[in-house]
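The sequence lines fix the lettering, A, B, ..., with proteins before strands; numbering per chain opens at 1. Heavy atoms only: backbone and side chains are in, while hydrogens, waters and symmetry mates are out. Note that the structure is predicted; figures quoted are calculated from it, not measured.
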Amino acid sequence: MPELPEVETIKRSLAPRLLGRTILAVEVRLPKLLAGMEPAALARRLVGQVIGGMDRRGKYLLLELAAGDRVAFHLRMSGRLVLRAAGPTEEPHAYLFFHLTGGEDLVYVDPRKFGRLYYLSAGEKLPPPLFALGPEPLGADFTPSLLAEILAGRRGAIKPVLLDQRLIAGIGNIYADEILHRAGIHPRRPAGGLKEDELRRLYDAIRGVLTEAISYRGTSKRDYVDGEGRPGDYQERLAVYGRADEPCRVCGHPIRRIVVGGRGTYFCPVCQV
DNA sequence: TAAATCCTGTCA
DNA sequence: TGACAGGATTTA
């Protein structure tokens, strides 16, 4: 579900409200969420710890504990992390509860059960999926020349490259399509074959689309809400994603849907070459 | 490079 | 009823 702008929005909505709170109890209703760890072991580690802040790496949401340990959430397709008043819940897909001081619970809800949680001890090496992440596309070190390096020599289509978290961290299916439309690049173009001006447009589109989407607090197509349960607004700004047969906002030609790298892909056959 | 897999919900 | 869904890993 959530891509970089959505995870960033959740982080911003939760961070000020979680800061300084103590975890009183942990309740796990879906053990497989824990990626190998026993529910009792997680509770042992967390109870009594004070929350020091939140961070984001790619699509991972990091809950930072005052002692230096961290909890990494990956929400995958349908995960939500929300802070709300404590109390018994029979909500069908609420699978993890952090009971906090201040009378609120941090609750993880995930109908499709794809999400995962990793406990990261202070100073410990990151587990493979986090360790292997590519650069942050909004970070200072993500430069046009770094993008050129990442794409150089790749014969595969550009869209799956944008989706590969080991190459660039945080772009998902919605924003890959939006970025390629803004850049005027066909999703099946070989990644290593872009001309210099196309590379520059792609770079600007990556930073521009992601930054704009954050300012609109993410895209809510179905499940996504921020840490307070509020949907985002960027769905109203989407140029191509989910708009098959509707007119391109730039040229009026109908948007097409194809499959690229196994993912539904929306693009304008006139604007994107 | 593609398909299967993990899951449930929604929509045509 | 079948197709599809904002993700990622494993297998062929």
Residue-phosphate contact under 4.0 Å: [X] side-chain N/O, [N] OP1/OP2:
| X | N | answer |
| --- | --- | --- |
| A:Gln165 | C:dA8 | yes |
| A:Lys59 | C:dG7 | yes |
| A:His74 | C:dG7 | no |
| A:Lys221 | C:dA5 | no |

Please state the P separation for the pair C:dT1 and B:dC7 - nearest whole angstrom. 22 Å
Separation between the C1' atoms of C:dA5 and B:dT1, rounded to whole Å: 22 Å
Name of the residue among A:Arg200, A:Arg201, A:Arg207 meeting salt bridge (Lys or Arg N to Asp or Glu O under 4.0 Å) with A:Asp204: A:Arg200
Above 12 or not: heavy atoms from other molecules or residues under 6.0 Å from CD of A:Glu246? yes
Hey, does A:Gly156 reach any base, or is it just sugar-phosphate, or nothing, if we go heavy atoms under 4.0 Å? sugar-phosphate
At under 4.0 Å between heavy atoms, what does A:Gly262 touch on the DNA or RNA strands: base, sugar-phosphate, or nothing? nothing
Can you tell me how far the CD atom of A:Glu3 sits from the CD atom of A:Glu8, to the nearest 0.5 Å? 14.0 Å
Going from CD on A:Glu64 to CD on A:Gln49, what distance comes out if it is rounded to the nearest 0.5 angstrom? 12.5 Å
Please write out the pairs of protein N or O atoms and N or O atoms of nucleotides 9-12 of chain C separated by less than 3.5 Å, giving the distance to one decimal.
none

Let me know which of A:Tyr175, A:Tyr266, A:Tyr234 forms a ring pair (Phe, Tyr, Trp, His ring centres under 6.0 Å) with A:Tyr241. A:Tyr266
Run the salt bridge (Lys or Arg N to Asp or Glu O under 4.0 Å) test on A:Glu136 and A:Arg57 for me, step by step, so that the C-alpha distance in whole Å, both residues' side-chain angles and the decisive distance to 0.1 Å come before the verdict. CA-CA 7 Å; A:Glu136 286 292 327; A:Arg57 179 77 176 92; 2.9 Å; yes
Kindly say whether the aromatic ring centers of A:Phe267 and A:His181 come within a distance under 6.0 Å. no
d([atom1], [X]; [atom2], [N]) in whole Å:
| X | N | atom1 | atom2 | result |
| --- | --- | --- | --- | --- |
| A:Asp110 | B:dT8 | CG | C1' | 10 Å |
| A:Lys159 | B:dT1 | NZ | C1' | 16 Å |
| A:Ile168 | C:dA8 | CD1 | P | 13 Å |
| A:Tyr118 | C:dA8 | OH | C1' | 9 Å |
| A:Tyr95 | B:dC6 | OH | P | 16 Å |
| A:Leu117 | C:dG7 | CG | C1' | 17 Å |
| A:His93 | B:dT10 | NE2 | P | 8 Å |
| A:Arg257 | B:dA12 | CZ | P | 14 Å |

Compare the ring of A:Phe114 with the six-membered ring in the base of C:dG7 and state whether they stack (centres under 5.5 Å, planes under 30°). yes
Which of parallel (below 30°), tilted (30 to 60°) and perpendicular (above 60°) describes A:Phe142 and A:Tyr203? parallel
Across all strands, who's sitting opposite C:dT9 as a Watson-Crick or G-U wobble pair, both distances under 3.5 Å? B:dA4
Distance criterion of 3.5 Å, no angle test: do you see the side chain of A:Arg112 paired donor-to-acceptor with the base of C:dA5? yes
Looking at the side chain of A:Met77, which of C:dA8, C:dA5, B:dC6 is the nearest nucleotide? C:dA5
